[in-house]
Amino acid sequence: MLDEEDTQMLFAVGRQARARRLDDFLSQGARCGWCAHPIRLRGYVLNKVDGRVVFASYRFPGNVVLKACGSRSELWCPSCATLYRGDARHLVRAGLEGGKGMDVSIAAHPAVFLTLTAPGFGVVHRQSSTGPCQSPHASARCPHGRTLICQARHGQDDPALGTPLCARCFDYAGAVLHNAHSAELWRRTTIYVARHLAASLGLSRAEGAKVLRLEHAKVAEFQRRGLVHFHAVVRADGPDATSAPIDAHALAAACRTAARLVEVSHARGSARWGTELDVQVVQRDGPLTPVASYVAKYATKEPAMHPGLLGRILSERDLQARDLPPHLFNLVATAWALDAVPDLSELGLRRHAHHLGYSGHFLTKSRGYSTTFSALRDARAEWQRQRDGEADESATTRRLRAVGRGWANEGEALFAAAQARQRAEDKKEADFAWHTRCE
Ligand SMILES: [Zn+2]
Ligand SMILES: [Zn+2]
Ligand SMILES: [Zn+2]
C-alpha cells in the first residue's frame with residue numbers, strides 16, 4: 001500500500017511525465033546529484049567564440065537548473081555529504097602517499113597521526129571498557145547533593161552519554177571558552193613542535209625553518225560532551241621536497257611535548273589540551289589507505305551535534321525553538337550569554353553558538369599538505385564535462401543567477417531523497433571509476 005510520501009512522490013513525477021518533461025526532470029536532478037537543497041539558477045551559458053547557447057535553464061522544468069548545495073552535513077544533505085567524504089579521503093591520502101598532483105616521494109617522509117582532546121569540565125556519563133560509568137570515589141556527592149556515581153553501562157546510542165551528572169557543577173563557560181580557543185591552541189601547538197624539533201637539531205627557529213617544514217591536515221570533531229577535539233596527520237618535509245632531517249619518532253616526541261606545554265591565555269583563565277593525548281607514528285611500509293580513511297571518517301562525521309544546531313542561532317527566541325536536549329541547550333545558551341561579556345566579545349560567540357563556541361573549520365590543512373578541495377572539484381567537473389561532451393568552462397560565458405533554493409514541491413524533494421539514497425549505494429563503484437581516471 002502507498003503511504004502519503006509515496007503518493008506525493010508519484011504525483012510530482014506524474015506531473016512531469018504528463019508535461020512530457022520526465023527525462024528533463026531526471027537530467028535536472030542528476031546534474032545536482034539529487035542534492036536535498038539545491039540552488040535554483042536561471043539563465044544560460046554561451047560559447048565565447050561563436051556566441052552559441054551551449055546550455056540554458058529553459059530547457060529544464062520550471063526554467064531552472066539546479067546546483068548542488070555543497071554541504072558536508074549528512075543531516076542537511078546526504079548527497080553532498082557523500083561527495084565531500086570521498087574528497088576528504090582523497091585529500092588526506094594524497095598528503096600521505098602522493099598522487100593528485102603530489103609527488104609520490106612524500107610517502108617516505110616522517111608522519112604522525114595525532115589526537116588532541118579537551119580537558120574535563122565536569123563529571124559526565126561515559127562508556128568505560130573496564131566497568132560502570134562512574135565508580136565511587138572520594139566525593140560521591142557534589143556540593144548540590146547530586147550523586148557522582150553511575151553504575152550504568154551505557155550503550156553506544158544512550159542519549160545520556162556525555163551529559164553531566166550534575167549540570168550545575170559542569171563548567172559550561174570553561175567548555176565554551178575551550179572550544180572558542182581550540183583553533184588558536186592548535187596553531188600554537190604546530191609552532192611549538194617546529195621550534196622543539198629545530199632545537200633538537202641544535203638550530204635556531206629561523207635556521208630550523210630552512211631545513212624542516214611541518215605540513216598537516218586536521219579534522220575537528222565534537223565529543224558527546226560538546227567539546228571539540230582534533231585528529232591530525234602531521235608530516236615533516238625537508239627543503240625542496242626532500243624528507244626532513246628527523247625521523248617520525250622525534251616528530252611524535254615533539255608533538256607530545258608541545259601538547260603538554262602549549263596554552264592560550266584568555267580573559268577567564270587559559271585553554272590547554274586535556275591529558276588524553278594520542279600520538280602514533282604512521283607506518284611507511286604498509287598500506288596507508290586505512291589512515292586516510294580513518295581521518296576522513298572523522299572529517300565527515302556530522303558536524304552538527306543535533307538537527308537543532310544546523311545553521312546559526314539568530315536570537316534567544318530562535319534558540320528556544322531549536323528543541324535541544326538540556327546539555328546542548330546549556331552550552332549554546334552559555335556561548336550566547338558570554339558574547340555580552342565585554343572582554344570576550346571579540347570571540348564572536350553568538351555567531352558560533354551553534355558550534356558551541358568553536359569558530360574554526362572542520363577540516364583544515366596547511367598549504368603544502370596536499371591537493372585542495374577545489375582542485376578535486378574542478379577535476380570532477382572536468383571529468384563530467386568530458387563525459388557529457390560539454391565545452392570547457394574557460395571557453396564559455398555564464399549568465400546564471402540564483403532564483404531560490406530547494407525542490408519545487410514536497411513530492412519532488414521526496415523523490416530526490418530516494419534517488420540520493422540509491423546513488424549512495426551505487427557511489428562506491430562510481431567513486432572508484434573517477435579515482436582511477438584521475439590518478
Ligand atoms: Zn546538497
Ligand atoms: Zn552514567
Ligand atoms: Zn553539583
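These numbers come from the heavy atoms of this one structure, side chains and all, not from hydrogens, waters or symmetry mates. Atoms within a ligand are numbered from 1 in the order they appear, just like the ligands themselves.
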Of all N/O/S atoms in His125, the name of the one nearest the Zn ion (ligand 2): ND1
Whether over 12 other heavy atoms sit under 6.0 Å from Arg405 CZ: yes
Shortest-distance N/O/S atom, His144 versus the Zn ion (ligand 3): ND1
Short N/O/S contact of His37 with the Zn ion (ligand 1) (below 2.8 Å): no
Check: Gln134/His125 side-chain N/O donor and acceptor closer than 3.5 Å: no
Degrees at the Zn ion (ligand 3) between the SG atom of Cys169 and the SG atom of Cys142, nearest 10°: 110°
Tyr358 ring center within less than 6.0 Å of His178 ring center: no
Thr189 versus Trp273, side-chain donor and acceptor atoms under 3.5 Å: yes
Parallel, tilted or perpendicular: ring planes of His355 versus Phe222, cut at 30 and 60 degrees: tilted
Angular separation of SG (Cys69) and SG (Cys35) seen from the Zn ion (ligand 1), to 10°: 100°
Cys80 backbone or side-chain N/O/S under 2.8 Å from the Zn ion (ligand 1): yes
